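Being a predicted model, the structure only gives us computed values, none of them experimental. Any value given below was found using the heavy atoms of this structure, including those in side chains, with hydrogens, waters and symmetry copies removed.
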Amino acid sequence: MQNNCIYLDNNATTKVDPEVIEVMLPYLTDYYGNPSSMHTFGGQVGKAVRTAREQLAAILGADESEIVYTSCGTEGDNAAIRAALLAQPEKRHIVTTQVEHPAVLNVCKQLETQGYTVTYLSVNNQGQLDLDELEASLTGNTALVTIMYANNETGTVFPIEQIGLRVKESGAIFHVDAVQAVGKIPLNMKTSTVDMLTLSGHKLHGPKGIGALYIRRGVRFRPFMIGGHQERGRRAGTENVPAIIALGKAAELELLHLEEATARERKLRDRLEQTLLAKIPDCVVNGDVTQRLPNTTNIGFKYIEGEAILLLLNKYGICASSGSACTSGSLEPSHVLRAMGLPYTTLHGSIRFSLCRYTTEAEIDQVIEVMPSIVERLRALSPFKNDDAGWLQGQEQALAHR
């Protein structure tokens, strides 16, 4: 096991904060009661769950009654989308974007087979939406608009409140996948146009297997999980108490560190990005460099394969990514970068570095030290260096033999 790795893949998952583990452990051992039980032993667990719910609500600027626990971000997205459609059975149109996470895109694709119409909004070469295209897509038949807050691959942040104002005028429900945004961007649901919002614990130094769905008070919601009375009848099933306690503490710590951590991550991110661009020719930042997450940079290195870069980085104990962890099994280039219209010479060699509050200057220095030689080595192996047409032809031949 490699415990001394340089971990720059925090958009995939994060290290669990030691304080989070500390508060979680007693609910795996001593306080094992069911929070729905009437006796005192279970009641004390129920009280702890309520405290955790308040902690989570605080980072969202929401009321604790508007929080529904889920198992993960994927469940939250599924629950929100299906609830919005069940609440408006007469409406059969959905609006989303071409760059959503598979937890949204694949649900929408399935719904198309069930008679729903889906509009997939395009993005420009910086990964940003055209709000006029959004407005033109909205009709009286639109039940739901589901758009991510921040892109997991490029870090590009969408103008959610501007989008929400247009959605409200149409009468549709507005759902936001904020899995990458919570803990990185200040949020206030009390003044927001968002109706439902998804988050995931393992993206903010909590454990895997726990997430939450914010549902604005007054929004009609039909439950995805049917059974008991848990979560005010909105999500059946015995509560995952240890993970709920952990998520509450993780949210409390993220809110506490938010301003300081994001400023520090942005500074380290910019140093990494600017130095690599200066040292390595033929590379470019993918995405909007002004409206993006403070911890994320996605850099395209021309004429080489991202997978080869990752393998060599791994030999130095450096963890990064070529895109979403949920699509990493695919040989196809990122659907996000393809939607942005990036040239194949760039998108095939694109690497995402995503930092967190544990990232150190020494770790960034190490990446800066090894990346130029890695890129130089891989380009030396390519017979098509600085030859876009030749490189593309070589890629086509390689894909034909896979």
> To the nearest 0.5 Å, how far apart are CZ in R266 and OG1 in T297?
Replying inline: 13.0 Å
> Out of curiosity, D9 CG to T14 OG1, how far, rounded to the nearest 0.5 Å?
Replying inline: 11.0 Å
>> Does atom CD (Q44) have a neighbourhood of more than 12 heavy atoms from anything else shown, all under 6.0 Å?
In response: yes
> Side chains of L293 and V157: closer than 4.5 Å at any heavy-atom pair?
Replying inline: yes
>> How long is the straight-line distance from CD of Q180 back to CD of E153, given to the nearest 0.5 Å?
In response: 10.0 Å
> Passes side chain to side chain contact (heavy atoms under 4.5 Å, CB included), H93 versus T142? Steps please.
Replying inline: CA-CA 4 Å; H93 179 231; T142 304; 2.7 Å; yes
>> Do D130 and N124 make a side-chain contact, defined as non-hydrogen atoms from C-beta onward lying under 4.5 Å apart?
In response: no
> By ring pair (Phe, Tyr, Trp, His ring centres under 6.0 Å), which residues pair with F224, not counting sequence neighbours?
Replying inline: none
> Is it true that atom CZ of F41 has more than 12 heavy atoms of other residues, nucleotides or ligands lying nearer than 6.0 Å?
Replying inline: yes
> Who passes ring pair (Phe, Tyr, Trp, His ring centres under 6.0 Å) against H202, sequence neighbours left out?
Replying inline: none
> Quick check: does any side chain N or O of S354 sit under 3.5 Å from a backbone N or O of N10, one acting as donor and the other as acceptor?
Replying inline: yes
>> Can you give me the closest heavy-atom contact between N286 and M340, atom names plus distance?
In response: C-CE, 4.2 Å
> Are side-chain heavy atoms of F353 and R269 found at a separation under 4.5 Å?
Replying inline: no
>> My understanding is that only residues two or more places apart in sequence, or in another chain, count here; which of them pass side-chain contact (heavy atoms from CB on, under 4.5 Å) with T70?
In response: E75, L213
> Does the Q88 side chain pair with the main chain of A84, one donor and one acceptor, at a distance under 3.5 Å?
Replying inline: yes
> For L105 and T97, which heavy atoms make the closest approach, and how far apart are they?
Replying inline: CD2-O, 3.3 Å
>> Distance check, rounded to the nearest 0.5 Å: H175 atom NE2 versus I215 atom CD1?
In response: 10.0 Å
> Step by step, would you call I351 with I299 a side chain to side chain contact (heavy atoms under 4.5 Å, CB included)?
Replying inline: CA-CA 5 Å; I351 299 296; I299 304 176; 5.7 Å; no
> T262 side chain to L258 main-chain N or O, any donor-acceptor pair under 3.5 Å?
Replying inline: yes
> Considering residues at least two apart in sequence or located in another chain, which fulfil the ring pair (Phe, Tyr, Trp, His ring centres under 6.0 Å) criterion with Y358?
Replying inline: H205
> More than 12 foreign heavy atoms under 6.0 Å from CD of E260: is that the case here?
Replying inline: no
> What pair of heavy atoms forms the shortest contact from L310 to S321, and how long is it?
Replying inline: CD2-N, 3.6 Å
> Is the shortest heavy-atom distance from the side chain of C283 to the side chain of L276 under 4.5 Å?
Replying inline: no
> Can you list every salt bridge (Lys or Arg N to Asp or Glu O under 4.0 Å) pair that touches residues 220-233, not counting sequence neighbours?
Replying inline: R53-E231, E64-R232
>> Run the salt bridge (charged side-chain N to carboxylate O under 4.0 Å, His left out) test against E252 and tell me which residues pass, sequence neighbours left out.
In response: K249
> Would you say the side-chain atoms of N141 pair up with the backbone N or O of R92, donor to acceptor, closer than 3.5 Å?
Replying inline: yes
> Heavy atoms, side chains only, cut-off 4.5 Å: are L8 and L313 in contact?
Replying inline: no
>> Using side-chain hydrogen bond (donor to acceptor under 3.5 Å, both in side chains), reason through E100 and T146 one step at a time and then give a plain yes or no.
In response: CA-CA 9 Å; E100 296 299 309; T146 174; 5.1 Å; no
>> Would you compute the distance between atom SG of C72 and atom NZ of K203 and round it to the nearest 0.5 angstrom?
In response: 10.5 Å
>> Suppose the criterion is salt bridge (Lys or Arg N to Asp or Glu O under 4.0 Å): which pairs have a residue in residues 186-198, not counting sequence neighbours?
In response: K168-D195
> Can you tell me if Q291 uses its side chain to pair, donor with acceptor, with the backbone of T156 under 3.5 Å?
Replying inline: no
> What's the verdict on side chain to side chain contact (heavy atoms under 4.5 Å, CB included) for D177 and H101, showing C-alpha distance, side-chain angles and the deciding distance?
Replying inline: CA-CA 9 Å; D177 179 337; H101 188 276; 4.1 Å; yes
> Hey, does the side chain of Q230 reach the backbone of E239 with a donor-acceptor pair shorter than 3.5 angstrom?
Replying inline: no
>> Do T139 and S170 have side chains that approach each other closer than 4.5 Å (heavy atoms only, starting at C-beta)?
In response: no
> Excluding sequence neighbours, so at least two apart, what forms ring pair (Phe, Tyr, Trp, His ring centres under 6.0 Å) with Y7?
Replying inline: none
> What are the two closest non-hydrogen atoms of P35 and V49, and how far apart are they?
Replying inline: CB-CG2, 4.3 Å
> Short question: side chain of R216, backbone of V194 - any donor-acceptor pair under 3.5 Å?
Replying inline: yes
>> Checking E254 now: which residues fulfil salt bridge (charged side-chain N to carboxylate O under 4.0 Å, His left out) with it, not counting sequence neighbours?
In response: R357
>> Any non-hydrogen side-chain atom of Y344 less than 4.5 Å from a side-chain atom of R338?
In response: yes
> Rounded to the nearest 0.5 Å, how far does CG of L337 lie from CG of L347?
Replying inline: 6.0 Å
>> Looking at N11 and N152, would you say the former's side chain and the latter's main chain have a donor-acceptor pair under 3.5 Å?
In response: yes
Kindly list each side-chain donor-acceptor pair under 3.5 angstrom involving residues 107-115, sequence neighbours excluded, with atom names and distances?
{"residue": "Q110", "atom": "OE1", "partner": "R82", "partner atom": "NH2", "Å": "2.6"}
{"residue": "E112", "atom": "OE1", "partner": "Y120", "partner atom": "OH", "Å": "2.9"}
{"residue": "T113", "atom": "OG1", "partner": "Q110", "partner atom": "O", "Å": "2.5"}

>> For K267, give me all partners under salt bridge (charged side-chain N to carboxylate O under 4.0 Å, His left out), at least two apart in sequence or on another chain.
In response: none
>> Please give me the minimum heavy-atom distance between E19 and D17, naming the atom from each residue.
In response: N-OD1, 2.8 Å
> Looking only at atom types and distance, does a side-chain atom of T74 sit under 3.5 Å from a main-chain N or O of A103, one as donor and one as acceptor?
Replying inline: no
> Any side-chain heavy atom of E361 within less than 4.5 Å of one from L268?
Replying inline: yes
> How close do T193 and F174 get, heavy atom to heavy atom, and via which atoms?
Replying inline: O-CD2, 3.8 Å
> Are V336 and R352 close enough, and set up right, to give a side chain to side chain contact (heavy atoms under 4.5 Å, CB included), and what steps lead you there?
Replying inline: CA-CA 12 Å; V336 173; R352 180 189 69 189; over 6 Å; no
>> So, using salt bridge (charged side-chain N to carboxylate O under 4.0 Å, His left out) as the criterion, who are the partners of E135 when residues are at least two apart?
In response: R166
> If you draw a 6.0 Å radius around OH in Y116, do more than 12 non-hydrogen atoms from other residues or ligands fall strictly inside?
Replying inline: yes
> Quick one: does Q126's side chain have a donor or acceptor within less than 3.5 Å of a partner on V289's backbone?
Replying inline: no
